[in-house]
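Notes follow once the structure below has been shown.
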Amino acid sequence: MHNGRISTDDELAAAASGRDERAARQLYDRYADRVFRIVYRVVLDESLAKDAAQESWIKIFRSLKRRRPTGSFAAWISIISVRTAIDLARKRARSSGAMTVEEMEAHLASDDPSARQQSAEREIEAKVMRVLDALPENQKAAFILRHFENMPLREIGRALGCSEGTVKAHIYRAATAVRRRLAKFLGVEMKKS
Amino acid sequence: MSEKQTGEKHTSEKHLSDEQLAQLIYDCEDNGERDHLQTCRSCRKRYGELSAALDSARRLPVPELSAQERARMFEAAWQASELNQPERSSGLAWPILRHAVSFCAGLACGAALLLAIVSQSGAHGFLSAPQGEITRPKNPIPAMLSGTPAAKIYSELEDPVILIQESKEEDDSIQHRRVIEGTTENGAIQIVWNL
């Protein structure tokens with residue numbers, strides 16, 4: 001396992017489930033960024049994302065023994081991460097005190113001259129956050145896993161417990177919501193530039 | 001926009017639906033939609049808007065974890081996963097063993113209690129109140145824990161509470177867990193006691 005050869009995810013997962021900390025750490029190093037990226041895009045709050053990432057890793061380590069290596073390990077941890085983040089976001093309901101999407105948008109839209117001086121990029125970010133935040137949970141999960149992580153539809157369907165057709169519908173609706181929300185704004189930006 | 005999408009026609013073809021436009025981006029499926037895009041300015045504009053909007057979503061920055069934060073997160077997750085604990089060496093399946101241990105502990109507690117009552121009744125008369133040096137546990141043990149290994153833990157905690165928590169498993173099933181929360185001399189502790 002540690003003889004210089006690069007181990008596969010499944011080998012590391014098997015070793016980690018047998019309480020091999022080095023294997024677990026290697027697995028973690030491979031996927032820590034991915035897990036954090038996914039959960040952040042779900043919860044859109046850095047502090048909450050850290051909690052969600054840690055909770056995801058606890059679940060990942062605890063579930064290693066029960067995992068059947070039928071799909072890719074990356075897909076498996078992505079699914080655990082997105083679901084953990086959705087659950088956590090629902091429970092906490094943004095009690096962290098960080099600036100929420102609504103607050104950020106209100107701030108940017110206010111008459112405060114300093115707010116109006118915010119760069120167009122920040123405004124687009126706020127709009128993107130707003131639209132992602134407003135998506136229904138399954139739409140959001142399907143969209144994040146497909147759009148940002150390029151996961152196959154079949155894997156997403158398995159994760160969400162629905163058919164590929166339903167996953168497609170979720171993704172298309174989410175994409176359409178993003179377009180509708182941002183189209184006018186992006187059009188204005190194009191004219192400005 | 002939507003009226004135009006449904007009502008307006010271009011060279012005898014209907015405009016592409018939002019779904020068809022998204023399908024072009026995600027699935028690369030093409031049942032003549034790309035040909036339509038070549039000739040329809042309205043759909044081309046909507047397709048451009050969709051691409052631009054999705055690109056801007058993709059550029060949404062994600063904060064980076066510091067090396068310290070990453071390391072701390074691993075340690076915390078590894079500790080909490082209980083994979084760092086030595087494996088139980090018994091050849092018996094743990095669920096069976098757990099019930100057997102609970103049963104034996106209950107039996108032992110019952111026997112000890114009976115013995116104490118009998119010896120008390122011998123010295124001071126039956127059901128007389130315990131005197132002097134008999135020490136009581138810090139916390140009265142709830143009936144639901146009586147006779148279980150958790151009872152001992154419960155009595156040693158400061159301000160213990162028992163909560164029923166729901167946790168959603170990977171297969172969407174809801175698991176109920178009985179959780180004892182309390183504080184030891186070393187700090188906060190949470191003990192999960194499965195129902």
Side-chain angles (χ1 to χ4, degrees), chain A residues 16-21 24-25 28-29 32-33 36-37 40-41 44 46 49-50 53-64 66 79-80 83 87 121 124-125 127-129 131-132 143 146-148 153 161 168-169 171-176 178-187 190, chain B residues 1-2 5 16-27 29 45-67 69-88 165-174 192:
Chain A
S17 71
R19 298 163 195 274
D20 181 339
E21 185 173 347
R25 194 179 288 273
Y28 175 83
D29 286 340
D33 288 339
F36 186 70
R37 210 168 54 221
Y40 177 79
R41 281 175 174 141
L44 298 167
E46 187 172 351
K50 284 176 185 168
Q54 184 170 311
E55 189 66 31
S56 298
W57 279 106
I58 293 171
K59 285 186 181 174
I60 289 165
F61 288 144
R62 282 183 179 165
S63 310
L64 281 174
R66 279 179 286 146
I79 288 158
I80 292 179
R83 294 178 71 166
D87 282 350
E121 214 163 274
I124 293 174
E125 281 170 22
K127 295 273 178 195
V128 171
M129 287 172 82
V131 70
L132 285 181
F143 182 70
R146 180 67 176 166
H147 185 70
F148 297 106
L153 294 171
K168 280 184 183 178
I171 294 166
Y172 299 157
R173 279 183 204 139
T176 302
V178 171
R179 178 182 74 79
R180 287 188 177 155
R181 184 85 189 184
L182 296 183
K184 189 179 167 188
F185 189 77
L186 289 169
M190 281 189 282
Chain B
M1 178 67 83
S2 60
Q5 284 168 24
L16 299 179
S17 66
D18 287 333
E19 184 174 310
Q20 285 171 308
L21 290 174
Q23 202 170 322
L24 278 173
I25 286 179
Y26 286 111
D27 296 344
E29 279 181 22
K45 179 172 177 281
R46 284 169 52 231
Y47 182 78
E49 286 172 354
L50 179 63
S51 299
L54 292 175
D55 281 348
S56 66
R58 196 168 272 128
R59 286 197 299 271
L60 184 68
V62 176
E64 286 199 8
L65 285 174
S66 66
E69 194 70 46
R70 278 170 69 115
R72 187 205 60 76
M73 200 177 280
F74 173 81
E75 292 303 331
W78 183 247
Q79 295 293 323
S81 73
E82 293 160 9
L83 283 175
N84 64 328
Q85 303 294 322
E87 198 153 17
R88 295 179 184 100
Q165 284 188 349
E166 279 189 357
S167 68
K168 199 173 181 183
E169 297 298 301
E170 277 67 54
D171 61 358
D172 270 344
S173 63
I174 301 289
V192 175

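In what follows, chains are A, B, ... by sequence order, proteins preceding strands, each numbered from 1. Just the heavy atoms: all of them, side chains too, but no hydrogens, waters or symmetry mates, feed the values below.
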Pick from [options] with the largest number of heavy-atom pairs that fall under 4.5 Å of chain B:
options                              : result
A:Leu132, A:Ile171, A:Ile79, A:Ile60 : A:Ile171
A:Arg41, A:Glu55, A:Arg173           : A:Arg41
A:Trp57, A:Phe148, A:Phe143, A:Phe36 : A:Phe36

**Prompt:** Can you check side chain to side chain contact (heavy atoms under 4.5 Å, CB included) on B:Met73 and A:Lys50, steps first, answer last?
**Reply:** CA-CA 8 Å; B:Met73 200 177 280; A:Lys50 284 176 185 168; 4.2 Å; yes
**Asked** Using the benzene-type ring in the case of Trp, are the ring centres of A:Phe61 and B:Trp78 under 6.0 Å apart?
**Response**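 Ring centroids of A:Phe61 and B:Trp78 are less than 6.0 Å from each other.
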Flag the pair [X] / [Y] as yes when at least one side-chain heavy-atom distance between them is below 4.5 Å, and no otherwise.
X       : Y        : answer
B:Leu60 : A:Leu44  : yes
A:Gln54 : B:Glu75  : no
B:Ile25 : A:Tyr172 : no

Smallest separation among heavy atoms of [X] and [Y], with atom names:
X       : Y        : answer
A:Asp29 : B:Arg70  : O-NH2, 3.4 Å
B:Ser56 : A:Leu182 : OG-CD1, 3.3 Å
B:Ser81 : A:Ile58  : CB-O, 4.3 Å
B:Tyr26 : A:Arg146 : O-NH2, 2.9 Å

**Item:** Atom group of A:Ala169 that falls short of 4.5 Å from chain B, counting heavy atoms
**Value:**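 Neither; nothing under 4.5 Å.
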**Message:** Please check this pair: side chain of A:Arg179 against backbone of B:Asp18, looking for a donor-acceptor N/O pair closer than 3.5 Å.
**Reply:**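 Not at all, since once roles are kept as given, no pair shorter than 3.5 Å links the two residues.
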**Asked** How far does CG of B:Leu65 sit from CZ of A:Arg37, to the nearest 0.5 angstrom?
**Response**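 It comes to 11.5 Å.
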